Amino acid sequence: MSIHLYNTMTREKEEFIPLEEGKVKMYVCGPTVYNYIHIGNARPSIVFDTLRRYLAYRGYKVTFVQNITDVEDKLIRRANEENTTVTELADRYTNAYNEDLEGLNVLAPDIQPRVMNTMPEIISFIEGLIEKGFAYESEGDVYFRTNRFEEYGKLSHQPLEALQAGARIEISAKKENPLDFALWKAAKTQEISWDSPWGAGRPGWHIECSAMALRFLGESIDIHAGGTDLTFPHHENEIAQSECYTNKPFARYWMHNEMLNIDNEKMSKSLGNFLLARDLIGKYTGQLIRFFMLSGHYRSPINFSEDLLEQAANSLERIKNAYVNLGHRLSTARAEEPNGVAKEQAELIEELRSRFIKEMDDDLNTANGITVLFDVAKEANLYLRNANVGETEVRAYRALLVELAGVLGLILEEEAELLDEEIEKLIVERTESRKARNFARADEIRDQLQAMGVVLEDTPQGIRWRRK
Ligand code: AMP
Ligand code: ZN
């Protein structure tokens, strides 16, 4: 069994074979930090974090690089509007981005390079391209000469004329050809700038990823990823720069997540139809957003609505409840067996694990992976219906749930503890309400607990609770 990934370059699912055995070099394009990220931007973060976790689960040592675009027109404009510096603005939103990722349980990249700290590498990359005839200077700007790279357009699979019309290519008298793109832009007056052989200026957007991937991962990498909207021109241009500079294939597998839409339109800052990731994390939880996002395949569009998010909450609850139910039976279960898990249960557990792996091996099919997680919950609950359950088996089911949910970046343990704490708080409040003869509130709490599947029992020692 091996992992297969859909490669935008070949338009096929291909067996994943890394350049170096057991190791994966992965580069995912990061955000432009002039604002908070929206829930659409969170999609690639969650999807490719899950791929990273899955590759690690399958035994690979992954090096994960994601850049921060902190030099760009929008940043400069925004800093001017806010009367602050580009650096201060970039620091603020880089921190906010990292907070949002943490809220979504996305692992921090191994390396998170910023453009401002990569200037020498970017400049020497551009110099190299000029020396080889792939780029030219024009009035303080430097452009990439697209018609010198015969394979230009190989990722997008569309005639260049169609791409050119679709992507609103900047027309400029400084360019030899409209498809040429800026590697370096001369500074306009009073703009943040860096010295270069072509005068003061700043890099174009695409060159940073080529320079950073080269610096931190080397000439050829395994996986390069981002949203589908980055395929052209961004990734096409990265390929042109890198392959002309090194004369080696840049990335082996190109992976692109489909868009998250709202009312069937791409969520984007420019359309104004966005919801901030941090607002939704606060209102719901990062776990729920993550679960919702992974309930669809990454190559299918997602239509986002809060209603759908709330529906997903019920599904996630089923998995969490199975975890909690298993925990509750631990104290009454038969003591641990020295011989390990009974054969029937051991086989079932192994089968569930292999099904999960088979689904995830198939181009990261998290939607089907989640279905397997539901099946684990179902089988665990069925097992718990036995009058006499074994601690070894209960622990094995619980460990499997934690293991598979963990690959998807879902943490069941913390949530369960939180849930228990919440229930106990409500029980205390109910007892106090009854003492104060506030029966309406006491009944309300009883109903709420009932809805959560909690049964209260009056015992001589006081109120006891258990899950249905
Ligand atoms: P940006 O800051 O616009 O470059 O976007 C950062 C990442 O979010 C890129 O990988 C984009 O492809 C991705 N992205 C932007 N909008 C959406 C969306 N509506 N759905 C999914 N991914 C998106
Ligand atoms: Zn990039």
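Owing to the predicted nature of the structure, the values given are computational and were not obtained by experimental measurement. In what follows, residues are counted from 1 in the order of the sequence shown. Start at 1 and go down the list; that is how both ligands and their atoms are numbered.
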Subject >> Side chain to side chain, Lys185 and Asp73, heavy atoms closer than 4.5 Å >> reply: yes
**OP:** For the pair Glu238 and His224, evaluate side chain to side chain donor-acceptor pair (under 3.5 Å) and give the outcome as yes or no after the intermediate values.
**Re:** CA-CA 10 Å; Glu238 284 190 34; His224 196 120; 3.0 Å; yes
**OP:** On the 0 to 90° scale, with breaks at 30° and 60°, tag the His256-His235 ring pair as parallel, tilted or perpendicular.
**Re:** tilted
Subject >> Glu403 and Tyr57: side chain donor to acceptor below 3.5 Å >> reply: yes
Subject >> Minimum heavy-atom distance between Asn261 and Lys266, given as atom pair plus value >> reply: OD1-CA, 3.2 Å
Original post:
Under 3.5 Å, is there a donor-acceptor pair linking the side chains of Glu236 and Ser156?
Top reply: yes
**OP:** Measure from the ring center of Phe16 to the ring center of Tyr60 and say whether it is less than 6.0 Å.
**Re:** yes
Original post:
Any idea how many protein N, O or S atoms are nearer than 2.8 Å to the Zn ion (ligand 2)?
Top reply: 4
**OP:** Check whether any side-chain heavy atom of Leu288 sits under 4.5 Å from a side-chain heavy atom of Ile281, and report yes or no.
**Re:** no
**OP:** Verify whether one side chain among Tyr136 and Asp180 offers a donor that lies under 3.5 Å from an acceptor in the other.
**Re:** yes
Note every protein N or O atom lying under 3.5 Å from an N or O atom of ligand 1, pairing the names and giving the distance.
{"from": "ligand 1", "atom 1": "5 (O)", "to": "Asn41", "atom 2": "ND2", "distance (Å)": "3.4"}
{"from": "ligand 1", "atom 1": "8 (O)", "to": "Asn41", "atom 2": "ND2", "distance (Å)": "3.3"}
{"from": "ligand 1", "atom 1": "10 (O)", "to": "Gly227", "atom 2": "N", "distance (Å)": "3.1"}
{"from": "ligand 1", "atom 1": "12 (O)", "to": "Gly227", "atom 2": "N", "distance (Å)": "3.2"}
{"from": "ligand 1", "atom 1": "12 (O)", "to": "Asp229", "atom 2": "OD1", "distance (Å)": "2.4"}
{"from": "ligand 1", "atom 1": "19 (N)", "to": "Leu260", "atom 2": "O", "distance (Å)": "3.0"}
{"from": "ligand 1", "atom 1": "19 (N)", "to": "Met267", "atom 2": "O", "distance (Å)": "2.9"}
{"from": "ligand 1", "atom 1": "20 (N)", "to": "Leu260", "atom 2": "N", "distance (Å)": "2.7"}
{"from": "ligand 1", "atom 1": "22 (N)", "to": "Gly40", "atom 2": "O", "distance (Å)": "3.1"}
{"from": "ligand 1", "atom 1": "22 (N)", "to": "Asn257", "atom 2": "ND2", "distance (Å)": "3.4"}

